[in-house]
Trainee: 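Okay, here's the structure, questions in a sec.
Bear in mind that the values here come from a model prediction, so they are computed numbers and not experimental data.
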Amino acid sequence: VQQKNEPAFWRDPRFNQPDQPVVGVCWYEAMAFARWLREQTKRAWRLPTEVEWEAAARGAGNTAPLIDLSRLNSAELGLGHPWAVQHGAVSWCGAVNLLGNVWEWTSSRWGRNWQTMDYGYPYSLADDRESPDDSHARVMRGGSWFDAATEAQPTTRARYLPGSRASNIGFRLAHNGA
């Protein structure tokens, strides 16, 4: 096994600008970063569950937002890489770029492998989908610069194996309280 010392694409100028989201990070690395940040700040940083992610993207009152394609980095734009973190649309809770730009890891399980969806909707916390202790495929949300705008919907679920990296996958963190 080859050891990784930095995210994939770290040295590629299309994907490593200071104002872009970090991409090429697997789920395990995103989880490790959250643990590191928790230790540094003494705040409860973590990956959001997919239901938390969707609530932030759907809007206040659980409504589907109107998608402004001029504020969405998807394949139709033809940019070919993520744009600046602060460039996209802002959600009701202040999160920027939830839709388009990069797929975002969540803490939630998809299934035993990427082909089998063992954890669907309706969401149930009781089904152990938030267990961090194994190699289940994990849910990603949001769509990306590489995918069609139809993928950049609050309800669209994607998945990948937790050790996988790609130039269109990143993450954001949530925290519990102050």
Side-chain angles (χ1 to χ4, degrees), residues 1-38 40-41 45-50 52-54 56-57 65 67-91 93-110 113-115 132 135-175:
V1 176
Q2 181 183 6
Q3 178 147 352
K4 308 288 186 193
N5 295 321
E6 60 191 26
F9 313 99
W10 191 249
R11 300 192 187 278
D12 186 328
R14 295 173 299 157
F15 303 106
N16 72 356
Q17 299 303 305
D19 60 353
Q20 288 177 317
V22 173
V23 296
V25 178
C26 73
W27 182 84
Y28 297 117
E29 292 163 330
M31 293 288 285
F33 181 81
R35 281 191 303 275
W36 174 84
L37 190 59
R38 263 194 317 268
Q40 299 301 307
T41 65
W45 293 104
R46 60 183 172 73
L47 291 178
T49 66
E50 71 169 314
E52 289 171 329
W53 190 99
E54 183 177 325
I67 307 288
D68 177 357
L69 292 181
S70 71
R71 304 289 289 163
L72 183 71
N73 186 5
S74 63
E76 290 84 355
L77 184 62
L79 188 59
H81 58 78
W83 61 19
V85 171
Q86 297 299 324
H87 189 73
V90 179
S91 80
C93 64
V96 180
N97 265 334
L98 281 164
L99 302 175
N101 214 31
V102 298
W103 286 103
E104 297 178 1
W105 289 112
T106 72
S107 60
S108 305
R109 288 177 172 172
W110 170 270
N113 59 57
W114 70 273
Q115 298 154 321
S135 60
H136 281 65
R138 297 293 167 160
V139 174
M140 301 181 308
R141 292 296 195 109
S144 81
W145 61 267
F146 184 79
D147 301 292
T150 55
E151 296 292 308
Q153 301 296 320
T155 57
T156 300
R157 303 172 79 214
R159 77 281 190 198
Y160 221 5
L161 295 175
S164 302
R165 300 161 162 225
S167 63
N168 64 335
I169 299 174
F171 68 99
R172 76 177 59 231
L173 298 178
H175 66 83

Trainee: For the residue pair R165 and G24, what are the closest heavy atoms and their distance?
Mentor: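 Smallest heavy-atom distance, with atoms named: CG-O, 3.4 Å.
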Trainee: Are Y28 and S135 side-chain neighbours, meaning at least one heavy-atom pair lies under 4.5 Å?
Mentor: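 Y28 vs S135: side chains touch.
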Trainee: What heavy-atom pair brings M31 and P132 nearest, and what distance separates the two atoms?
Mentor: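 Closest approach of M31 to P132, heavy atoms only: CE-CB, 3.9 Å.
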Trainee: Quick check: do T155 and E54 have side-chain heavy atoms less than 4.5 Å from each other?
Mentor: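 Of all side-chain heavy-atom pairs linking E54 with T155, at least one is under 4.5 Å.
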Trainee: Quick one: pull up CD in Q40 and CZ in R38 and give me the separation to the nearest 0.5 Å.
Mentor: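 So the gap between those two atoms works out to 12.0 Å.
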Trainee: Could you check if a side-chain atom of D147 sits within less than 4.5 angstrom of a side-chain atom of W103, using non-hydrogen atoms only?
Mentor: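 Result yes, sub-4.5 Å side-chain heavy-atom pair found.
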Trainee: Drop me the distance from S108's OG to W53's CH2, to the nearest 0.5 angstrom.
Mentor: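 It is 12.0 Å, given to the nearest 0.5 Å.
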Trainee: Compare all side-chain heavy atoms of E104 with those of L98 and state whether any distance is below 4.5 angstrom.
Mentor: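 Answer yes - side chains close enough.
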Trainee: Quick one: pull up CZ in R172 and OG1 in T106 and give me the separation to the nearest 0.5 Å.
Mentor: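 Answer rounded to 0.5 Å: 12.5 Å.
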Trainee: Restricting to non-hydrogen atoms, name the atom on L72 and the atom on L77 that form the minimum distance, rounded to 0.1 Å.
Mentor: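 Closest heavy-atom pair between L72 and L77: O-CD2, 4.2 Å.
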Trainee: Tell me yes or no: between the side chains of S74 and E76, is some donor less than 3.5 Å from an acceptor?
Mentor: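 Judged by distance alone, the side chains do pair up.
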Trainee: Just jot down the side-chain hydrogen bond (donor to acceptor under 3.5 Å, both in side chains) partners of R35, sequence neighbours excluded, or say none.
Mentor: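 None.
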Trainee: Which residues satisfy the ring pair (Phe, Tyr, Trp, His ring centres under 6.0 Å) test with F15, sequence neighbours excluded?
Mentor: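 F15 satisfies ring pair (Phe, Tyr, Trp, His ring centres under 6.0 Å) with F9, W145 once adjacent residues are dropped.
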Trainee: Heavy atoms only: give me the nearest P7-V23 pair and the separation to one decimal.
Mentor: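 The pair with the smallest heavy-atom distance is CB-O, 3.4 Å.
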Trainee: Quick check: closest heavy atoms across R141 and E50, and the distance to 0.1 Å?
Mentor: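 R141 and E50 have their closest heavy atoms at NH2-OE1, 2.9 Å.
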Trainee: Kindly determine whether E29 and F171 satisfy side chain to side chain contact (heavy atoms under 4.5 Å, CB included), including the steps that lead there.
Mentor: CA-CA 10 Å; E29 292 163 330; F171 68 99; over 6 Å; no
Trainee: Any side-chain heavy atom of L99 within less than 4.5 Å of one from P154?
Mentor: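 Yes, their side chains come closer than 4.5 Å.
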Trainee: Verify side chain to side chain contact (heavy atoms under 4.5 Å, CB included) between W27 and L47, making sure each step is shown before the conclusion.
Mentor: CA-CA 9 Å; W27 182 84; L47 291 178; 3.5 Å; yes
Trainee: State the CH2-SG distance between W105 and C26, to the nearest 0.5 angstrom.
Mentor: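 Nearest 0.5 Å value for the CH2-SG distance: 7.0 Å.
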Trainee: Can you confirm whether W36 sits close enough to W45 that some side-chain heavy atom of one is under 4.5 Å from a side-chain heavy atom of the other?
Mentor: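 They are not in side-chain contact.
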Trainee: Compare every heavy atom of A30 with every heavy atom of V25, then report the nearest pair and how far apart it is.
Mentor: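 Shortest heavy-atom separation between V25 and A30 comes out as CG1-N, 3.6 Å.
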Trainee: Would you compute the distance between atom CZ of R138 and atom CD1 of I169 and round it to the nearest 0.5 angstrom?
Mentor: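 Going from the CZ atom of R138 to the CD1 atom of I169 covers 14.5 Å.
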Trainee: Decide yes or no on side chain to side chain contact (heavy atoms under 4.5 Å, CB included) for M140 and R159, but give the supporting numbers first.
Mentor: CA-CA 5 Å; M140 301 181 308; R159 77 281 190 198; 5.9 Å; no
Trainee: If you look only at distance, which donor and acceptor atoms sit under 3.5 Å apart when one is on a side chain in residues 81-90 and the other is two or more places apart or in another chain?
Mentor:
{"unit_1": "H81", "atom_1": "ND1", "unit_2": "Q20", "atom_2": "NE2", "d": "3.4"}
{"unit_1": "W83", "atom_1": "NE1", "unit_2": "N97", "atom_2": "OD1", "d": "3.2"}

